[in-house]
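As structure tokens, the structure follows; a few thoughts come after it.
Whatever order the structure lists them in is the order used to number ligands and atoms, beginning at 1.
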Amino acid sequence: MQHFIDLILPIPIQKTFTYSVTEAEYEFLKRGMRVAVSFGKTKMYTGLVFRIHQNPPELYEAKEILQILDEKPIVNEQQLKHWEWISNYYMCALGDVYRAALPSAFLLESETVIYKNQAFQNEEILDDEEFLIFEALQHQSQLTVFQISDILGKKKVLPIINELIQKAAIYIKEEIYEQYKPKLVKYVRLSAQYNDESYLEPLLEELSRAKKQREAVLSYFQLTTSKKPIKAKDLEEKSEVSAAVIKALVDKEIFEFYHIQTDRISYQGDTNALKELNEYQEKALEEIKTSFEEKDVTLIHGITSSGKTEVYTKLIQEVLDSGKQVLFLLPEIALTTQIITRLQNYFGNQISVFHSKYSINERVEVWNNVLDYKPKAQIILGARSSIFLPFSNLGLIVVDEEHETSYKQFEPSPRYNARDAAIVLAHMHKSKILLGSATPSLESYFNAQENKYGFVELKRRFGNVQLPTIELVDIKEKHRKREMNGHFSDVLLKQIREALDEKEQVILFQNRRGFSPIVECKTCGVSPQCPNCDVSLTFHKFKNELRCHYCNYQRAMPNSCGACGSNQLDTKGFGTEQIELELKELFPDHVIGRMDLDTTRGKYGYQKIIGAFEAREIDILVGTQMLSKGLDFDNVSLVGILNADTMLNFPDFRAHERAFQLMVQVSGRAGRSQKRGRVMIQTYNPYHQILQQVSTTDYTAMYKEQLQDRWQFHYPPYYRLIKITLKHKDYQKVDAGINWMAKALQNIFHEHVLGPSAPAVSRIRNQYIKNLVVKIPPKQSLGKTKQQINKIKNTFQAVADFRPIRFIIDVDAY
Ligand code: ADP
Ligand code: ZN
Ligand code: ZN
């Protein structure tokens with residue numbers, strides 16, 4: 001009898017691959033274990049066992065596997081089921097989901113590039129083969145898995161590399177370490193032969209001429225009285241000898257070193273009791289619980305600063321008490337450090353944070369902790385990719401700021417929405433899921449109105465603080481009356497001055513970074529464009545550079561026009577840099593801070609700025625939409641939005657909904673403590689309905705009006721959208737391809753095909769882009785529609801001319 005396994009490979013191919021295994025392997029293997037295999041002529045991949053069976057493949061001869069990498073499954077049944085759902089729903093390969101789900105250290109392959117960890121010191125913990133590799137990395141800055149095979153003269157090297165990663169001696173590419181925190185702490189103990197008190201005398205005798213070594217041994221015995229393991233560092237300190245002395249004793253085989261794993265990612269600090277809820281929060285909590293008796297999904301619409309987070313914490317506590325895990329999803333971890341700190345204050349070491357900016361080893365650690373259901377993995381805080389962790393016992397998922405677009409992954413595949421995938425995940429775990437927002441997405445609010453989701457409201461700010469007053473400033477009028485100073489209206493400036501006089505802080509919002517998005521020649525009207533993209537370059541004054549915000553191309557700002565040579569260059573439009581500079585002139589005695597993509601790079605970029613603003617070292621903070629993400633500052637009395645119009649004029653069916661959400665969220669940063677806050681919104685178009693709705697914080701009015709548009713123009717939540725994008729560096733090819741696709745789709749879906757059209761930026765990184773959108777009416781079968789699209793896609797890709805075109809399918813596209 002032959003034995004086979006089907007593997008998911010981390011490549012964008014629809015099918016699993018069958019490999020042959022021995023009977024013993026067949027008995028040992030389980031779904032969710034990793035296996036190293038060769039693929040094609042030269043490649044090696046880490047595959048995941050998906051099926052175990054005895055049916056040889058019909059179309060090819062099954063190869064043997066190279067080796068088994070796990071003792072037990074590292075991916076559980078619920079995950080595999082969830083992955084299958086994602087792959088079907090989002091029309092992507094299971095291999096894409098697998099690659100997205102696992103930390104890359106679990107996916108070693110022939111092409112993986114390995115580097116030495118420069119901070120690694122504990123060479124003595126490496127065995128011979130590990131040391132050989134480590135030493136090779138002293139001479140060569142990087143090695144591939146292939147080269148390591150050569151060095152060791154064998155094929156089966158992945159376990160050795162795995163071990164080196166575990167010991168933090170090496171790391172793999174795409175990992176940028178800002179800081180290395182050692183995982184292994186070095187301890188000392190007496191060698192077994194001296195482990196009897198009676199040896200002490202002769203030992204000290206023997207060391208009588210090595211004074212320092214004698215001192216170290218004596219101190220060692222003093223430290224042992226505490227009965228705790230003794231750190232090498234502590235012994236050095238206690239006996240006041242150097243590391244070399246201890247090392248000498250190890251060489252004499254009197255002492256030996258050993259290591260205990262300590263977790264890199266643990267919370268140090270005391271925890272506090274949960275806050276008492278006020279009556280409104282209490283009521284909301286009860287309503288959520290009642291709602292959960294009937295419905296798995298509940299939406300809480302709570303205005304900014306109503307105390308949603310405190311309500312979550314009570315629910316979390318109850319779920320923990322019932323012995324289950326909690327997943328707390330946040331839109332962007334880096335931007336939400338305040339919430340993380342708050343939750344850590346309550347739950348301390350029961351929390352693990354899963355962070356894409358963490359090192360690979362840290363991510364592996366969180367994975368393993370969740371897999372083994374360790375005490376510190378009872379609550380997982382994370383951004384969208386944390387839905388892929390190996391939960392086994394979920395009782396609650398909280399999706400905070402559920403309306404945030406960053407829950408949707410655009411690139412690469414799988415293009416999933418973590419909020420929606422989390423709802424499915426909750427269902428598989430028979431867990432409850434709470435969506436929370438001050439400005440819910442139209443989709444979620446609609447589902448609540450239709451009674452698909454439970455619905456709870458929290459309409460008062462905590463402590464009865466009033467919502468800020470929101471004023472619209474007509475800057476067309478202000479320009480006409482010459483009451484503008486740069487980009488500031490006189491009324492906004494007056495409010496800023498007053499706030500500063502009261503020692504209060506100000507937040508100013510401008511949804512564009514850089515100095516100005518367009519540079520234009522006054523003589524001939526030409527403006528510098530990105531050579532790789534169809535977009536003009538943004539001027540960054542601090543670095544005197546022109547930059548492309550799509551491909552990161554940059555060059556020095558020219559002195560004269562590239563087309564006509566005139567040196568009269570003008571700038572059009574403005575970004576955060578320009579506002580910062582104007583403020584510095586207007587308020588030379590105050591500290592101005594800026595928070596945008598350019599000032600927050602690096603692991604701690606945001607924390608530094610947020611920390612400085614919290615500590616009131618910054619008086620005015622200028623920033624992009626980063627400012628809208630749930631920040632809680634108690635001394636901000638004024639929020640200014642410099643130009644609301646760019647958000648409203650965006651060519652996208654969600655633009656109005658998003659503009660509303662953004663402005664309400666930014667406004668919510670004002671007046672979170674006792675005094676009522678103020679918001680001033682500058683616009684050329686104060687009668688725009690969205691601005692009217694923002695100024696009264698009237699979510700329902702916005703909802704009703706937008707919903708009507710969505711109905712009329714066939715958009716979500718009524719119709720579903722599947723977007724098809726083609727990309728290629730040859731414009732003719734893309735054009736021919738998209739026209740073919742359009743015809744094929746129109747044959748089946750008729751008027752429900754939108755396009756072909758080019759996006760606002762129609763070429764990025766030298767790739768031309770064209771889109772088609774298939775709209776799916778409420779009653780039409782989603783499954784069947786997807787099948788039909790897949791069939792057309794297969795035919796398309798069978799045409800030799802079209803094969804090189806990049807084909808992207810985005811389900812529920814944003
Ligand atoms: P939201 O998440 O709805 O914007 P938060 O949970 O951040 O609101 O609450 C706003 C502020 O009110 C925070 O500073 C929080 O500490 C405080 N707060 C909320 N609920 C309570 C409570 N029950 N007791 C004490 N302070 C509270
Ligand atoms: Zn010119
Ligand atoms: Zn570019």
Check: G307 N/O within less than 3.5 Å of ligand 1 N/O: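 Yes, there is a polar N/O contact under 3.5 Å.
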T309-ligand 1 polar pair, N/O distance under 3.5 Å: yes
Evaluation steps, side-chain contact (heavy atoms from CB on, under 4.5 Å), between L546 and Q554: CA-CA 6 Å; L546 291 174; Q554 42 197 270; over 6 Å; no
Check each atom of ligand 1 against the heavy atoms of [X] and keep those under 4.0 Å away; list them by number with element.
X    : answer
R342 : 5 (P), 6 (O), 7 (O), 9 (O), 15 (C), 16 (O)
K308 : 1 (P), 2 (O), 3 (O), 4 (O), 6 (O), 8 (O)
I303 : 3 (O)
L277 : 23 (N)
E276 : 22 (C), 23 (N), 24 (N)

Metal-centred angle, SG of C548 through the Zn ion (ligand 3) to SG of C551, rounded to 10 degrees: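 Reported to 10°, the angle equals 110°.
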C533 SG and C530 SG subtending at the Zn ion (ligand 3) (10° steps): 110°
So is [X] in contact with ligand 1, going by heavy-atom distances below 4.0 Å?
X    : result
I339 : no
S305 : yes
R461 : no

Y699 ring center near Y445 ring center (under 6.0 Å): yes
Ring centre gap for F515 and F574 strictly below 6.0 Å: no
Nearest protein heavy atom to [atom], by residue and atom, and its distance?
atom                    : answer
atom 20 (N) of ligand 1 : Q281 NE2, 2.9 Å
atom 16 (O) of ligand 1 : K275 NZ, 3.6 Å
atom 13 (C) of ligand 1 : D632 OD2, 3.2 Å

Which heavy atom of [X] sits nearest a heavy atom of [Y], and at what distance?
X    : Y    : value
G454 : K295 : N-CD, 3.4 Å
D400 : Y407 : O-OH, 2.6 Å
P440 : E402 : CA-OE2, 3.2 Å

Enclosure of N559 CG (heavy-atom neighbours >12, cutoff 6.0 Å): no
Ring pair (Phe, Tyr, Trp, His ring centres under 6.0 Å) assessment of H540 paired with H549: CA-CA 11 Å; H540 286 248; H549 287 183; 5.2 Å; yes
Reference residue V297; test side-chain contact (heavy atoms from CB on, under 4.5 Å); the match among I397, I433, V399: I433
Candidates I579, L500, V591 - the one meeting side-chain contact (heavy atoms from CB on, under 4.5 Å) with I620: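 Of all the options given, the one that passes is L500.
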Distance-only side-chain donor-acceptor flag, D321 / Q317, under 3.5 Å: yes
H549 backbone or side-chain N/O/S under 2.8 Å from the Zn ion (ligand 3): no
Option with minimal heavy-atom separation from atom 26 (N) of ligand 1, where the choices are F633, Y280, F462: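 The nearest heavy atom belongs to F462.
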